[in-house]
Amino acid sequence: MTTVQVTYAGLIKVTRGEAPKELYSHQNEAIKALNETNKNAFEGLLVLPTGGGKTLTAVHWLLRNFINNNKKVLWIAHRHELLDQALETLQLSAYSSLLSKVSGFRYRIISGHSQHDRPVNIEKTDDIIIASKDSLNSGLDHLLKNWVGHLHEVLLVVDEAHHATAKTYRKLINAVKDDLKKRGYEKGFKMLGLTATPFRTDESEKSLLKLVFLDDIIFSEHLRKLIAKGILAEPIFENLETKIGIKQKLTAKEIKAIENFDRLPQDIAKRIAEDSKRNNQIVAHYKNNRERYKTLLVFAIDVIHAVALNKVFKEEGINSDFVVSSVKDLTTGTTVSAKENSEKIKKFRNGELEVLINVEMLTEGTDLPNVQTVFLTRPTTSTILMTQMIGRALRGQKAGGTEKAYVVSFIDDWENKINWVNPEKLHFEDGAEFIEPILPSGNRTARLISIEMIEEFARIMDDSIDTTCLEELEFLKRVPLGIYRFSILVELSEGYEPKPTNYDVLLYDDTEEAYDNFVQDLKILFQSIDLQDREILTEKELQSLLQTAKQIYFPDYQTLLGYRDEDVENILRFYAHNQQIPDFLAFSERRKCDVSIVARHIYDNSLGGKAKSDYIDSLWNEKKSFWQVLFSDEKLYFRKQLDIETLKIEGLYPNAVVSRPTVIPDTVPIEKLTLYEIKERDILEYRKIKNAVFAKQTDVKGFISCAISGVKSQMRKDFQIDHIKPMSEGGLTTIDNLQLLTRKAHVEKTCRENTRR
């Protein structure tokens with residue numbers, strides 16, 4: 001039989017002597033922390049800033065503690081470039097100073113890449129498997145049967161671990177863990193996540209990550225400490241104002257796309273990308289500082305911008321190129337494959353290119369030690385992305401880089417419309433590279449809500465649109481109780497970093513109950529879909545689930561305030577991706593946003609003229625109030641709503657419900673309120689009570705039982721909460737006095753009680 005040599009599997013022989021790359025003090029401290037943690041089973045994170053040596057630290061530790069003791073290691077990542085880097089680090093670290101008990105170890109590298117192996121070829125003699133999570137999921141049986149099934153202990157390393165909340169990661173992790181557990185080796189499962197940005201931009205994803213890495217952060221080091229030690233370069237921040245003015249009025253959707261999705265409106269992006277004056281400024285600034293800036297990495301807005309900039313660089317005699325995702329741009333006709341990108345990155349790393357322009361590619365993972373300058377030609381609202389972009393240039397002298405790195409921002413005139421991340425401010429904020437700084441939770445939620453409501457306010461201001469029905473609604477009914485906020489990692493194509501996309505779903509009085517039942521029943525709804533290894537629903541599956549959800553949970557969707565099919569679709573997509581329900585962010589300060597109370601005060605106190613104006617100004621400018629946040633700094637909208645509420649009080653909206661606030665309110669225990677009243681006052685307390693009642697009557701298999709009939713179902717929508725002792729007889733809204741009944745049992749019980757009375 002003819003045989004050939006392959007590079008995707010083989011034996012790495014141990015070389016006598018010291019490993020050539022010595023660890024820095026922070027890496028040795030990390031290893032000490034890992035050694036202590038390794039005394040027991042663990043599932044935790046190693047957090048080091050970009051350039052801080054996560055891969056090298058992990059490799060040194062696992063070689064000495066696992067491979068050297070004939071224990072096995074599984075290393076997974078989401079991009080084949082990361083796999084190649086891990087293998088290269090292993091090969092360069094195979095020295096007897098780390099591996100004193102073995103003469104060599106076997107490796108296998110697996111992914112969908114043509115130069116990597118397939119899961120079917122996994123052998124039990126493999127000491128370390130380095131693989132993409134998608135390939136292993138598709139060949140999970142081979143991994144378990146040929147390898148994991150023979151082990152008593154395994155170390156699972158997850159590279160760029162902040163992506164591990166995705167379902168395919170968790171499926172793979174759980175499969176390895178469960179296989180060991182069922183064979184009695186539960187304590188043999190150990191997992192180490194590597195990341196520079198352990199938490200994404202909101203609390204929901206942070207909590208999801210903690211569900212994966214139960215032991216949280218084992219060791220972390222701050223960016224500034226590594227700069228002080230010379231391991232990372234000292235960033236020098238420079239700003240260049242382009243004088244390009246963004247004068248147009250942004251719509252609510254455009255504000256949302258920019259602030260939540262970090263995405264410029266298409267027309268604005270196209271205008272900036274094709275602005276020859278701006279592009280010439282960028283290139284001229286580099287040319288005038290060429291000796292100082294040296295090797296340059298440019299972050300561009302989009303493909304059009306990358307192509308346009310590259311053309312200007314070349315015209316100025318500067319050796320440049322660009323890398324973008326594998327797409328064909330309709331305007332430029334440019335198609336770039338993963339192979340072409342890899343070749344260009346290699347040329348840049350080897351010094352054959354002076355400038356490399358990229359679009360959403362080189363933010364994480366790729367090692368570019370020769371970069372001395374970063375040009376930020378695209379603004380961003382994400383501190384995570386900004387940290388990653390800055391990090392590309394921060395390789396210090398001790399790590400083969402430079403003493404100083406230049407971070408140059410090209411700033412357009414947005415007239416303070418958008419809160420762009422300031423890279424210099426970010427650098428000096430404590431913990432900024434770990435957790436996205438946010439507004440206080442109430443203001444933050446109000447800001448999210450205002451983005452949705454601002455279009456509603458705008459319609460009311462437009463005399464050509466009849467919004468009488470909307471205006472007649474009690475104002476507080478138009479203010480959401482809270483919001484589902486979640487992010488979905490969207491894979492652009494094989495070999496490219498997934499892009500997080502944020503979504504918001506607003507819940508009102510009329511929809512909160514329906515949405516809560518819907519998200520709690522998602523597991524049951526998805527039983528009709530065979531997702532297997534997929535995280536993405538087909539269009540047919542999505543539409544089928546949507547129609548089912550509308551029929552069961554939103555039968556009167558056409559009349560529900562704020563209902564949108566796309567919101568239900570996005571929740572379905574999120575669940576398919578994560579198999580978790582989205583977190584609910586309550587607007588706890590909602591009752592402080594009742595414009596009708598302000599209008600009543602003005603009316604009852606006969607405020608007019610300057611007195612009225614001064615009073616309104618004092619409310620608007622109060623720092624602790626929500627008015628500016630809720631109305632997106634549009635004072636005119638606030639005044640218009642006040643006028644409408646005043647007209648209601650005067651009886652000029654015949655169908656409007658006008659409620660007078662209680663002058664001297666009594667104080668009563670919350671348990672004396674009905675569930676609906678609790679919901680109106682404290683949505684978090686209401687949901688806490690409701691969840692506790694459902695938990696009380698749900699068995700270990702997920703079946704909910706009716707307290708009277710014993711009928712069981714796994715769907716929340718089949719049950720209603722009932723007071724065991726009616727409130728009319730002094731019963732309280734407490735957990736021990738609440739029970740779940742089927743709708744039929746509830747009706748029958750109510751009839752019996754009415755008959756008795």
Side-chain angles (χ1 to χ4, degrees), residues 1-13 59 62 66-67 70-91 104-160 163-164 166-183 185 188-191 326 337-339 342 491 493-496 498 530-536 538:
M1 179 184 293
T2 304
T3 59
V4 296
Q5 288 188 334
V6 294
T7 58
Y8 53 66
L11 175 70
I12 300 176
K13 290 189 174 183
V59 165
L62 69 84
F66 287 83
I67 301 300
N70 293 307
K71 296 177 181 180
K72 308 284 188 177
V73 177
L74 175 61
W75 184 298
I76 60 174
H78 64 288
R79 293 192 289 133
H80 62 78
E81 292 96 342
L82 297 175
L83 305 179
D84 289 332
Q85 286 180 23
L87 178 58
E88 182 181 12
T89 305
L90 279 166
Q91 292 170 338
F105 59 94
R106 294 195 58 79
Y107 75 91
R108 190 174 305 276
I109 184 167
I110 298 169
S111 80
H113 195 279
S114 59
Q115 295 180 4
H116 292 166
D117 203 357
R118 296 180 294 277
V120 68
N121 295 322
I122 290 174
E123 297 180 4
K124 66 179 181 180
T125 54
D126 293 335
D127 294 302
I128 182 165
I129 295 173
I130 307 167
S132 72
K133 51 98 177 176
D134 290 330
S135 293
L136 280 189
N137 267 310
S138 62
L140 194 52
D141 290 343
H142 300 295
L143 176 70
L144 298 178
K145 182 180 178 182
N146 298 353
W147 197 70
V148 177
H150 300 277
L151 304 178
H152 298 171
E153 183 177 341
V154 66
L155 171 68
L156 174 56
V157 180
V158 184
D159 203 357
E160 300 299 344
H163 295 304
K167 184 186 75 175
T168 47
Y169 270 105
R170 289 187 287 112
K171 179 186 176 184
L172 179 57
I173 292 166
N174 290 334
V176 176
K177 186 192 299 188
D178 291 345
D179 188 272
L180 287 165
K181 182 179 179 180
K182 74 180 182 182
R183 292 185 291 108
Y185 303 114
F189 179 78
K190 299 179 178 182
M191 181 168 64
S326 183
S337 68
K339 183 179 179 182
S342 296
E491 295 274 358
S493 58
E494 173 64 27
Y496 296 100
D530 186 16
L531 278 176
Q532 293 183 341
D533 298 330
R534 292 183 292 120
E535 295 174 349
I536 300 175
T538 66

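- Taking the side chain as every heavy atom from C-beta outward, Ile128 and Leu62 approach each other to under 4.5 Å.
- Between Ser138 and Ser135, the closest heavy-atom pair is OG-O, 2.7 Å.
- The number of heavy-atom neighbours closer than 6.0 Å to CG of Asn174, taken from other residues, nucleotides and ligands shown, is above 12.
- Remark: of the listed residues Arg106, Lys71, Lys72, Lys72 is the sole one forming a salt bridge (charged side-chain N to carboxylate O under 4.0 Å, His left out) with Asp127.
- Looking at heavy atoms from C-beta onward, Leu143 lies out of side-chain contact with Pro119 at the 4.5 angstrom threshold.
- You'll find the side chain of Phe189 stays beyond 4.5 Å of the side chain of Val148, heavy atoms only.
- Leu90 places none of its side-chain heavy atoms less than 4.5 Å from the side chain of Ile67.
- The CG atom of Asp126 sits 9.0 Å away from the CG atom of Asn146 when rounded to the nearest 0.5 Å.
- To the nearest 0.5 angstrom, Leu82 atom CG is 5.0 Å from Asp159 atom CG.
- If you take NE2 on His150 and NZ on Lys145, they are separated by 9.0 Å, rounding to the nearest 0.5 Å.
- The minimum heavy-atom distance between Ala131 and Leu136, with the atom names listed, is CB-CG, 3.5 Å.
- Of all heavy-atom pairs between Leu11 and Tyr107, the closest is N-CE2, 4.1 Å.
- The distance from the CG atom of Leu74 to the CH2 atom of Trp147 is 5.0 Å, given to the nearest 0.5 Å.
- In this structure, the separation between CG on Leu172 and CG on Leu156 is 6.5 Å, given to the nearest 0.5 Å.
- Using modelled atom types, one finds a donor on one side chain and an acceptor on the other under 3.5 Å when comparing His116 with Asp84.
- Closest approach of Tyr169 to Glu535, counting heavy atoms only: N-OE2, 4.3 Å.
- Residues Leu144 and Ala175 share a closest heavy-atom pair of CD2-O, 3.9 Å.
- For the residue pair Leu83 and Ser111, the shortest heavy atom distance occurs at CD1-CB, 3.7 Å.
- Counted within 6.0 Å of CD on Glu88, heavy atoms from surrounding residues, nucleotides or ligands total 12 or fewer; the atom is thus considered open.
- Considering CD of Glu123 and CZ of Arg108, their distance stands at 5.0 Å, rounded to 0.5 Å.
- When side chains are defined from C-beta on, Val158 counts as touching Met191, because their heavy atoms get closer than 4.5 Å.
- Of the charged side-chain nitrogens involved, at least one lies within less than 4.0 Å of a carboxylate oxygen, so that Asp179 and Arg183 count as a salt-bridged pair.
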